[in-house]
Amino acid sequence: MPKYKAPRGTYDILPGESYKWQYVRALFRQTARLFNYREIETPIFEDSNIFERTVGDTSDIVEKEMYKFQDKKGRIFALRPEGTASVVRAYIENGLHVKNNTSKLFYLGPMFRYDRPQKGRHRQFYQYGIENIGSVSPYIDAEVIALADHFLKKLGLENYQLQINSIGCENCAKDYDKALQEYFSSYRGELCADCQKRLDKNPKRILDCKVKSCQKIAVDAPSMLDYLDNDCAANFQALQAHLEEMEISFKINHRIVRGLDYYTQTAFEFVDNNLGAQNTLIGGGRYDGLIKKLGGKDQSGIGFAGGFERLLLAMKTEKIGFATEDIPDLYFVNIGSKAQKTGIKIMQELRQNDVSVEFDPDRTSISSQMKAANRAGAKFCLILGEDELVKKRVILKDMASGVQHEYPLDSIISEIRNRLASS
RNA sequence: GUGGAUGUAGUUCAAUGGUAGAGCACUGGAUUGUGGUUCCAGGCGUUGUGGGUUCAAGUCCCAUCAUCCACCCCA
């Protein structure tokens with residue numbers, strides 16, 4: 001019936017939900033700070049080349065999911081489909097490497113992909129993520145994972161699993177792709193149509209296929225882990241050792257293939273199987289060529305990103321509570337216009353003293369004002385009528401207990417402040 | 001991009017092709033100076049939109065848009 005609706009795949013975060021978002025965002029910021037990451041905000045649109053050159057121009061994201069548009073000068077921009085490329089661009093452009101050898105950055109905000117909406121998937125969705133640029137130490141891989149794990153635990157989630165893999169450096173990956181192509185070629189006719197395409201374009205994806213006949217064939221496919229060179233293998237071993245030191249449980253899943261082209265070596269996912277088809281809570285990995293590709297020094301980086309929607313879904317299925325919804329401290333109930341005048345002055349003063357006050361001038365009867373106070377969840381009611389005005393007193397009522405007392409007008413502010421402080 | 005299901009009041013849902021209804025929520029009152037319980041009263045909403053079939057369409061058909069779920073992809 002409404003004339004206008006939110007665009008497909010987008011949605012409004014309404015007051016009944018927004019406090020949950022505040023809560024998870026605050027928790028992520030806190031967690032990032034524990035590990036000394038600092039917040040960065042980048043534009044939500046960028047030169048589309050930034051994504052096309054890094055995410056991979058054969059990936060679905062740039063092939064069909066980007067919101068691209070031209071501005072009045074004909075420049076081609078894209079709404080950011082992910083965060084890493086933008087952060088790295090900002091890192092290079094602002095010379096952040098000069099200040100420190102390594103940069104530890106986190107971000108949060110909306111991302112955009114022209115996808116078919118489904119559970120846990122939207123066209124405008126909200127991600128949080130971190131990037132650690134400049135270090136090649138596998139300890140950092142472990143610490144990045146630890147941060148993600150810490151965050152999920154802090155939220156109270158329990159039903160997730162960490163899966164790790166190494167997809168090797170560029171050289172290992174090449175050898176491995178070749179090996180896969182050799183292996184799967186002999187089964188070409190038995191693979192599904194999609195996998196036949198994947199065989200030429202991106203053979204690793206066959207390992208991920210959900211078609212049963214493909215899975216059967218994939219069981220005996222060569223493992224990436226056998227194709228890692230000495231460095232990559234050592235790093236992967238070191239990562240596992242660090243995770244064990246940190247007592248973070250994980251599972252090696254050599255079928256993790258991150259979708260974005262820039263990933264190398266460490267790849268990991270936090271998966272929650274109660275979420276439905278879109279079950280990746282957090283995904284991340286190391287990206288070695290990315291910084292150079294965007295015009296920076298030959299540095300390495302590692303990071304992850306997670307979707308807030310899926311986080312909220314997981315919290316819902318695990319029945320985890322949030323910090324309470326915002327409610328007013330006080331509701332002002334007035335009877336008569338004279339009382340209202342005095343009340344307005346008191347409210348002004350209360351708000352200047354950090355007391356939140358609600359008042360509805362459209363409600364006249366005291367009964368209806370009390371009802372509204374109750375519904376708003378106010379802790380106290382301030383009741384002011386003609387009688388009190390004459391006595392220069394006001395009534396303060398505790399809504400939970402129903403107990404009320406009169407106080408002199410000139411002491412009410414401090415009385416309320418004391419009562420709120422002790423409640 | 002593909003497939004399936006679904007679109008009726010703010011919301012959750014009813015209505016053998018024949019005058020569009022209920023619960024919850026909301027507003028007012030009972031209580032003209034006191035909330036939560038209770039009772040009473042208050043509902044035209046282009047039945048998502050546009051066509052078509054029919055004497056007659058919320059109901060059947062087509063298209064379109066949207067939602068949900070899955071494929072795909074990914075956070």
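Here is the naming used below: chain letters follow the sequence lines, and residue numbers restart at 1 for every chain.
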Q: Side-chain donor-acceptor contacts of residues 283-295 of chain A below 3.5 Å, not counting sequence neighbours, with atom names and distances?
A:
from	atom 1	to	atom 2	distance (Å)
A:Arg286	NE	A:Asp141	OD1	3.2
A:Arg286	NE	A:Asp141	OD2	3.2
A:Arg286	NH1	A:Ser135	O	3.0
A:Arg286	NH1	A:Ser300	OG	2.5
A:Arg286	NH2	A:Ser135	O	3.4
A:Arg286	NH2	A:Asp141	OD1	2.6
A:Tyr287	OH	A:Glu131	OE1	2.5
A:Asp288	OD1	A:Ser300	OG	2.6
A:Asp288	OD2	A:Thr264	OG1	3.3

Q: Which nucleotide in the set B:A75, B:U27, B:C73 lies at the smallest distance from any side-chain heavy atom of A:Arg113?
A: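 Shortest atom-to-atom distance from the side chain points to B:A75.
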Q: For the side chain of A:Glu309, starting at C-beta, report the closest nucleotide among B:C72, B:A75, B:G29.
A: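 Minimum distance to the A:Glu309 side chain belongs to B:A75.
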Q: Please give me every residue in residues 395-409 of chain A whose heavy atoms get under 4.0 Å of an atom in RNA chain B, ordered by residue number.
A: A:Ile395, A:Lys397, A:Met399, A:Ala400, A:Gly402, A:Gln404
Q: Taking atom types as modelled and ignoring hydrogens, do the side chains of A:Tyr67 and A:Glu65 form a donor-acceptor contact shorter than 3.5 angstrom?
A: no
Q: Ignoring the backbone of A:Lys5, work out which of B:U2, B:U34, B:A66 is nearest its side chain.
A: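 The nucleotide sitting nearest to the side chain is B:A66.
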Q: For RNA chain B, what residues of residues 368-386 of chain A have any heavy atom nearer than 4.0 Å?
A: A:Ser368, A:Met370, A:Lys371, A:Asn374, A:Arg375, A:Ile383, A:Gly385, A:Glu386
Q: Would you say B:G35 has OP1 or OP2 under 4.0 Å from some side-chain N or O of A:Ser367?
A: yes
Q: Which residues in residues 267-278 of chain A have at least one heavy atom lying under 4.0 Å from any atom of RNA chain B?
A: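 Residues of residues 267-278 of chain A under 4.0 Å from RNA chain B: A:Gly276, A:Ala277, A:Gln278.
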Q: With a 4.0 Å heavy-atom cut-off, tell me which residues in residues 143-165 of chain A come close to RNA chain B, sorted by residue number.
A: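 None, since no heavy atom is under 4.0 Å.
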Q: Once Watson-Crick and G-U wobble pairs under 3.5 Å are found, how is RNA chain B written in dot-bracket notation, 5' to 3', with | for any base paired to another strand?
A: (((((((..((((....[..)))).(((((.......))))).....(((((..]....))))))))))))....
Q: Please confirm whether the shortest side-chain N or O distance from A:Arg121 to OP1 or OP2 of B:C69 is below 4.0 Å.
A: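 No, outside the criterion.
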Q: I'd like to know if the side chain of A:Tyr331 pairs up with that of A:Asp360 as donor and acceptor (distance under 3.5 Å, no hydrogens or angles considered).
A: no
